[in-house]
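First up is the structure itself, then whatever we jot down about it.
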Amino acid sequence: MKNVYDVFLERGFIEQVTDETEVRKALEKPLTCYIGFDPTATSLHIGSLVPIMALVHLQRNGHRPIALVGAGTALIGDPSGKTEMRQVLSRETIDFNAQCLRKQFSRYLDFEDQKALMLNNADWLTNLNYIGFLRDIGRHFSVNKMLAAESYKIRLEKGLSFIEFNYMLLQAYDFLHLFQNHECVMQMGGNDQWGNMLAGVDLIRRIEGKTAQSMTFPLFTTATGQKMGKTEKGTIWLDPEMTSPYDYYQYWINTDDADVGKFLALFTFLPMEEVNQAKSLSDKELNMAKAILAFEATRITHGEDAAIVAWQASVAAFGEKVMDPSLMPSSAIPRGQVAKEASAIPSITKTWDELAQGIPAYELVYECGLCSSKGEARRLIAQGGGYMNDEPIPAFDALISTDHLDGDGHIRLRKGKKKYMIVKVEEKK
RNA sequence: GGAGGGGUUCCCGAGCGGUCAAAGGGAGCAGACUGUAAAUCUGUCGGCUCAGCCUACGGAGGUUCGAACCCUCCCCCCUCCA
């Protein structure tokens, strides 16, 4: 079997490693490796997908991943690379979030028979005794060194409170705790965590006299320099209640050209030989590759059924697309003719009577959520960016009524090129 | 605790008594061009019952016909000193 290290390497997961040869060697045998996740919301978002995929790769290759929910450390807030102190969340909120994340992880990892573990650092951190902690752990840390750390630099200019300054000690302690109690010898995480992770490796060396390893992932931004998973609609969450599978799919299909290959490697399990095809694609074919990326990514997070519905909805909204069967054949995306299925396109329902009277276009555009204010809706339509059934809406106050229903009893509203909304009507009584 | 400097619209940042919903930039949105991408150019960019009105310049008061701009108190941030 291939060494996971090489899988990580060829798929672009690696930014820094403590010791490349040692890590590769260690990964020849099953080992335990952890990644921490912050329970700052009830769902993870696309930003956490790289670490999640890394855990899945580990498990698939016979290792034991630990997903560590940082309910304890979230009480402190990591100052690394942040310009300001983080909003402090209440204990209750954090605990609730931690519970939600547990469920979420089960979609990606198999927790049967301890094949993966999910732990919460509140279990050991909240019981620490202050004096004991200072004497056992605190004495191993040099303030001089910490002050020099890159991750604190920004904050030294703007102010760093003592509570945050301790974050590094706690994360290091986590690693030590997992090392001692769960034979965890490696930590992975985003590159912004490098300093905190090294602190853990260091602590293990000082206290246990043993070597642990860490590895960081690049912090991905899109080719346009945006953070992964942020759009004008807000964060792209992994929870289907918070971000619908259709929106999730659309996020991926809007990937920058330059990112398609990279993302296929990171966010799908397609074999690299097929992923590499993407590099030579352009125009229509590249768009197909984007559809495959979107489909596969949606499938991993929301399941195959949801992915198929999203793909059909996309076809319904943006037109027929027949998938070339030779393109990335490992993908489960349906090939050939695709049924158009509009049900995943967001919709609102009006009663027959309401619609029969006619509703001014800007009101309807606002009401269905395409625009966040009526003023914006007016401007949108006045500037020609509002469409009904693929025709520009002639005036902002043009009346939309039952006359505009199509054969399926739908009115399709569109904002710009990509944002669709369907207005349905209740059956006439 | 003391001295000084600050807090402006999503972000940065100008404004320092009326012409200020507030320059400029960034982000966002739309149009043109395209490939549901990028870049570029154009427009737009607080809300509404939209030629008018309402809400906004850390908070609360005050001066004034009129305040983001002046005064008082409070809160927060930064720098230096303890």
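Within every chain, numbering begins at 1; the chains are lettered A, B, ... in the order of the sequence lines, protein sequences first and strands thereafter. Basis for what follows: all heavy atoms, side chains included, without hydrogens, waters or symmetry-related copies.
Side-chain nitrogen and oxygen atoms of A:Ser373 include at least one within less than 4.0 Å of the OP1 or OP2 phosphate oxygen of B:C48. A:Lys419 has a side-chain polar atom (N or O) that falls below the 4.0 Å cut-off from OP1 or OP2 of B:A30. Checking the phosphate oxygens (OP1, OP2) of B:A37, a side-chain nitrogen or oxygen of A:Lys418 falls inside 4.0 Å. The side chain of A:Arg378 contributes an N or O atom lying less than 4.0 Å from OP1 or OP2 of B:C50.
Pairing partner, B:C48: B:G52, with both Watson-Crick or wobble hydrogen-bond distances short of 3.5 Å. Across all strands shown, B:A38 has no partner, as no Watson-Crick or G-U wobble contact with both distances under 3.5 Å is found. The base-pairing partner of B:A3, taking Watson-Crick or G-U wobble contacts with both distances under 3.5 Å, is B:U79. With a cut-off of 3.5 Å on both pairing distances, B:U9 has no Watson-Crick or G-U wobble partner at all. The nucleotide B:C57 finds no pairing partner, because no Watson-Crick or G-U wobble arrangement with both distances shorter than 3.5 Å includes it.
If you take atom C1' in B:G24 and the same atom in B:C73, they sit 35 Å apart, rounded to whole Å. Here the separation of B:U72 from B:G18, taken at their C1' atoms, is 24 Å to the nearest Å. Spacing of C1' atoms, B:U9 relative to B:A21, comes out at 8 Å, to the nearest Å. Between B:G47 and B:U42, the two C1' atoms lie 26 Å apart (nearest whole Å). Atom C1' of B:U19 sits at a distance of 15 Å from the matching atom of B:C69, rounded to the whole Å. Nucleotides B:G6 and B:G15 are separated by 15 Å at their C1' atoms, to the nearest Å. The P atoms of B:C11 and B:C57 are separated by 14 Å, rounded to the nearest whole Å. Between the P atoms of B:G7 and B:G13, the separation comes to 9 Å (whole Å).
Geometrically, A:Arg378 engages A:Tyr362 in a cation-pi contact defined by less than 6.0 Å to the ring centre and at most 45° from the axis. Taking the ring centre of A:Phe269 as origin, the terminal cationic atom of A:Arg11 falls outside the region bounded by 6.0 Å and 45° from the ring axis.
In this structure, NZ of A:Lys290 is placed 8 Å from P of B:A38, rounded to the nearest angstrom. Atom pair A:Arg414:CZ and B:G31:P shows a separation of 8 Å (rounding to whole Å applied). Here the P atom of nucleotide B:U36 and the OH atom of A:Tyr387 are 13 Å apart, to the nearest Å. The CD-C1' distance, from A:Glu367 to B:C48, rounds to 16 Å in whole Å. Per the geometry, NZ belonging to A:Lys262 stands 15 Å off P belonging to B:A38, to the nearest Å. Atoms CE (A:Met288) and P (B:U36) sit 13 Å apart, rounded to a whole Å. Rounded to an integer number of Å, the gap from A:Asn287 CG to B:A38 C1' is 13 Å. Rounded to an integer number of Å, the gap from A:Phe318 CZ to B:U34 P is 19 Å.
At a cut-off of 3.5 angstrom, counting only N and O atoms as typed in the model, there is a donor on one side and an acceptor on the other between the side-chain of A:Gln250 and the base of B:U36. Side-chain atoms of A:Lys284 and base atoms of B:U36 include no donor and acceptor less than 3.5 Å apart.
The aromatic rings of A:Phe13 and A:His57 sit perpendicular to each other, their planes meeting at more than 60°, with 30° as the lower class boundary. Ring-plane geometry between A:Tyr248 and A:Trp252 is classed as perpendicular, the angle between the planes exceeding 60 degrees on a 0 to 90 degree scale with a lower cut at 30.
Here the nucleotide nearest the side chain of A:Lys415, chosen from B:A30, B:A38, B:C45, is B:A30. Checking B:C48, B:U36, B:A30 against the side-chain heavy atoms of A:Asn254 singles out B:U36 as nearest. Distance from the side chain of A:Gln383 is smallest for B:G43 among the nucleotides B:C48, B:G43, B:U34.
The closest side-chain donor-acceptor pair between A:Thr42 and A:Asn97, if any, does not fall under 3.5 angstrom.
As judged by a 4.0 angstrom heavy-atom cut-off over every strand, A:Gly384 is placed among residues touching the sugar-phosphate backbone only.
If you look at A:Phe111 and A:Phe105, their ring centroids are not closer than 6.0 Å.
Across the interface with RNA chain B, nearest-nucleotide mapping of A:Asp257 and A:Glu363 shows A:Asp257 to be the residue nearer the 5′ end. Mapping A:Ser372 and A:Leu286 onto RNA chain B by nearest heavy atom places A:Leu286 closer to the 5' end of the strand.
Using a cutoff of 4.0 Å between basic side-chain nitrogens and carboxylate oxygens, A:Arg379 and A:Glu376 are not scored as salt-bridged.
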